[in-house]
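To start, the structure under review is shown below, and the notes come after it.
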Amino acid sequence: MVTEMLPVVLVHGGAGQIPKERSQMSTSGVCSAARSGYLVLQGGGSSMDAVVEAVTQLENNPSFNAGCGSVLNITGEVEMDAIVMDGKTLASGAVSAVRNIANPVQLARLVMEKTSHACLTAEGASKFARSMGVPEVPQESLITDYSRMRWKKNLVPDANPVECQMGKMGTVGAVAVDAEGNVACATSTGGMLNKMEGRVGDTPCIGSGGYADNLVGAVSTTGHGETIMKVTLARLILFHMEQGQSAEAASDLGLAYMKSRVGGIGGVVTVDPKGNWAPRFSSLQMAWAAAQNDTLHYGLYTGEHFTQAIDDPH
C-alpha cells in the first residue's frame, strides 16, 4: 500500500493575506510548481531534484516574494535567502542576502553539493556563484512594479509595516518524498518588506526555514521570520512527529505554540516518509498545492481543498 502514496510533492506560496486580484495568480502559480516537481519525480528524479524544480518555478514567477518579485529592503534593493536540505544525509545548503541571482534555491543546492559549508552570505555567496558559473542578473530584472510601489508606500512615516506585509505573499517552499522514500525540503524568500539592509530571516536557518530527515519527515515554513526562529518551527514540528503525531497534528501543534508563545503567525507544508502530507497555516491564507497519484490538490483559505487530474490544463 505504501508505494501508492509515493512519490509526492507539496508546495506553498507563502502565508499572509493576498489581495483578491492577486490570489488567482498565487493559486495557479503553486499548482504549476507542484506539477513541475511531480513530473521530475515521475521521471525518476530525487526528492531534492523535485523541490528545487518546484521552488525555481516559484522564484521565476513575479507573483511571489522570492527571486523575481522579491520585496525590497529599506534602501530599495533585493536581498534574498534560500535553503535546501536532504533527508537522507541531513546535508543542507543555504544562502543569505544574495542580490544578483535569479534562482537562490539553485545556489543553495550548490553550496550543499560543492562546498564543505552549510551557508554562504552576501558577497561571499556571489563570489561562489561566479566560480560555479552561475550567471549574474541585473537587480532590475528581479524588481517588479508591484514591489517598488509597496516599498514606496511603506517609506511614509506613518506606514504600518505589519499591515503592509500582508499585501504580499511571503516565502515560497516545497517538500517531497521520492519513490525511494527519501524526503527533501527547499525554501526561498525575498524576506521582509522594507527590512534593514543585511537582515536575514528564518529561511536560510536550518530547523527554522526548513528541515528534512528521512527518519521523520520534511517541513518548509513561511511567516514572520523572527518568530519562526524563536521556536525553530520546522524542527519543532518534526519533534512532534517523532513523538507519534501525524504530519497534520504536528504542524498544528507547532503553529499553535508559535502563536501562543511569541504571537507569531505563519504556515507550513509537511510530509512524512510514507507520503502523508499536510499544508497548515494560522494566517488568513496560504496558497498551496500537492501532487500525488496523478492528482493535483490545492487551496488558499483554511479548510479549502480542491482536486483535479494532474494533466487537466485548467
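What you see below is based on every heavy atom in this structure, not just the backbone, and it leaves out hydrogens, waters and symmetry mates. Position 1 is the first residue of the sequence; numbering continues from there.
Classified by interplanar angle (parallel below 30°, tilted 30° to 60°, perpendicular above 60°), the ring pair Trp288/His305 is perpendicular. Relative orientation of the His297 and Trp277 rings is perpendicular, given thresholds of 30° and 60° on the angle between their planes.
Note that Arg22 lies in the cation-pi zone of Tyr146, set by a 6.0 Å cut-off to the ring centre and a 45° limit from the axis.
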From CA spacing to verdict: side-chain hydrogen bond (donor to acceptor under 3.5 Å, both in side chains), Thr270, Ser251: CA-CA 7 Å; Thr270 305; Ser251 301; 2.9 Å; yes

Pair Thr144-Ser147, side-chain hydrogen bond (donor to acceptor under 3.5 Å, both in side chains): steps then yes or no: CA-CA 5 Å; Thr144 60; Ser147 293; 3.0 Å; yes

Verdict with reasoning, Leu72 to Lys195, per side-chain contact (heavy atoms from CB on, under 4.5 Å): CA-CA 8 Å; Leu72 309 185; Lys195 61 191 177 180; over 6 Å; no

CA sep, side-chain torsions, deciding dist, call: Asp272, Val216, side-chain contact (heavy atoms from CB on, under 4.5 Å): CA-CA 6 Å; Asp272 72 19; Val216 201; over 6 Å; no

Chi angles and distances behind the side-chain contact (heavy atoms from CB on, under 4.5 Å) call for Met48, Val51: CA-CA 5 Å; Met48 178 58 67; Val51 293; 4.3 Å; yes

Full working for side-chain contact (heavy atoms from CB on, under 4.5 Å) between Met5 and Lys274: CA-CA 7 Å; Met5 301 282 286; Lys274 290 182 174 153; 5.6 Å; no

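Judged purely by atom type and a 3.5 angstrom limit, Tyr38 uses its side chain to pair as donor or acceptor with the backbone of Asp294. Side-chain atoms of Gln245 do not come within 3.5 Å of backbone N or O of Met241 as any donor-acceptor pair. In this structure, the side chain of Asp178 does not engage the main chain of Ser46 through any donor-acceptor pair within 3.5 Å. Formation of a donor-acceptor pair under 3.5 Å by the Thr187 side chain with backbone atoms of Gly209 is found in this model. Remark: side-chain polar atoms of Ser47 are paired, donor with acceptor, to backbone N or O of Asn182 under 3.5 angstrom. A distance-only check finds a donor-acceptor pair linking the side chain of Asn65 to the backbone of Gly190 [under 3.5 Å]. Checked by atom type and distance alone, the side chain of Asn194 pairs as donor or acceptor with a backbone atom of Trp151 at under 3.5 Å.
A continuous path of ILVMFWY side-chain contacts below 4.5 Å connects Ile101 to Phe128, so both sit in one hydrophobic cluster. Note on Val137: it clusters hydrophobically with Met80, by side-chain heavy-atom contacts below 4.5 Å among ILVMFWY residues. The hydrophobic cluster containing Ile74 also contains Ile143, counting ILVMFWY residues as joined when their side-chain heavy atoms lie under 4.5 angstrom apart, directly or transitively. Met85 is not connected to Leu10 by any chain of hydrophobic side-chain contacts under 4.5 Å among Ile, Leu, Val, Met, Phe, Trp and Tyr, and they are in different clusters. Following chains of ILVMFWY side-chain contacts shorter than 4.5 Å, one cannot reach Val40 starting from Val11, and the two form parts of different hydrophobic clusters.
Distance check, rounded to the nearest 0.5 Å: OG of Ser246 to NE2 of His240 gives 11.5 Å. Remark: Gln292 CD to Leu41 CG distance equals 11.0 Å, nearest 0.5 Å. Atom CD in Glu79 sits 12.5 Å away from atom CG in Leu142 (nearest 0.5 Å). Note: Leu193 CG to Ser70 OG = 11.5 Å, rounded to the nearest 0.5 Å. Atom NZ of residue Lys152 and atom CG of residue Leu155 lie 9.0 Å apart, to the nearest 0.5 angstrom. Separation of atoms CG (Asp202) and OG1 (Thr222) is listed at 8.0 Å; rounding is to 0.5 Å.
Under the 4.5 Å side-chain criterion, counting only non-hydrogen atoms from C-beta, Val55 is not in contact with Gln57. Here the side chains of Ile83 and Ile206 are in contact, with some heavy-atom distance below 4.5 Å. Residues Val268 and Phe281 have side chains not in contact (no heavy-atom distance under 4.5 Å, counting atoms from C-beta outward). Side-chain contact between Ser141 and Pro138 is present, with at least one heavy-atom pair separated by less than 4.5 Å. Taking 4.5 Å as the limit, every side-chain heavy atom of Pro279 sits out of range of all side-chain heavy atoms of His12. With a 4.5 Å cut-off on side-chain heavy atoms, Phe64 and Thr171 do not count as touching. A 4.5 Å side-chain heavy-atom check between Asn73 and Met196 finds every atom pair outside the cut-off. Here the side chains of Met192 and His224 are in contact, with some heavy-atom distance below 4.5 Å.
Nearest heavy-atom pair, Met258 versus Gly266, reported as atom, atom and distance to 0.1 Å: CE-N, 3.8 Å. For the residue pair Asp81 and Gly201, the shortest heavy atom distance occurs at OD2-N, 3.4 Å. Of all non-hydrogen atoms in Asn60 and Ala102, the two that sit nearest each other are OD1-O, 4.4 Å. The heavy-atom pair separating Gly173 from Ser220 by the smallest distance is CA-OG, 3.3 Å. Heavy-atom minimum distance, Val98 versus Ala125: CG1-CB, 3.5 Å. The two residues Ala291 and Ile310 make their nearest non-hydrogen contact at CB-CD1, 3.5 Å.
A donor-acceptor contact closer than 3.5 angstrom is absent between the side chains of Asn276 and Glu248. Between the side chains of Ser96 and Thr121, a donor-acceptor pair is found at a separation under 3.5 Å. Side-chain contact annotation: Asn100 with Ser126, donor-acceptor N/O pair under 3.5 Å absent. In the model, Thr295 has no side-chain atom that pairs as donor or acceptor with a side-chain atom of Asn293 under 3.5 Å.
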Report, one line per pair, each donor and acceptor closer than 3.5 Å where one atom sits in a side chain of residues 230-237; sequence neighbours left out.
from	atom 1	to	atom 2	distance (Å)
Arg235	NH2	Glu242	OE1	3.4
Arg235	NH2	Glu242	OE2	3.2

Can you give each donor-acceptor pair under 3.5 Å made by side-chain atoms of residues 104-112, sequence neighbours left out, with the distance rounded to 0.1 Å?
from	atom 1	to	atom 2	distance (Å)
Gln106	NE2	Thr56	OG1	3.1
Arg109	NE	Glu113	OE2	2.8
Arg109	NH1	Asp49	OD1	3.0
Arg109	NH2	Asp49	OD1	2.9
Arg109	NH2	Glu113	OE2	3.4

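With Asp213 as reference, Leu90 is the one residue of Leu90, Asp86, Thr89 to meet the side chain to side chain contact (heavy atoms under 4.5 Å, CB included) rule. With Thr221 as reference, Ile228 is the one residue of Thr203, Leu255, Ile228, Val269 to meet the side chain to side chain contact (heavy atoms under 4.5 Å, CB included) rule.
Under 4.0 Å is where a charged nitrogen must lie from a carboxylate oxygen, and between Glu123 and Arg99 no such pair does. We find that Glu226 and Arg199 are joined by a salt bridge, their nearest charged nitrogen and carboxylate oxygen being less than 4.0 Å apart.
Within a 6.0 Å radius of CZ in Arg130, other residues, nucleotides and ligands contribute more than 12 heavy atoms.
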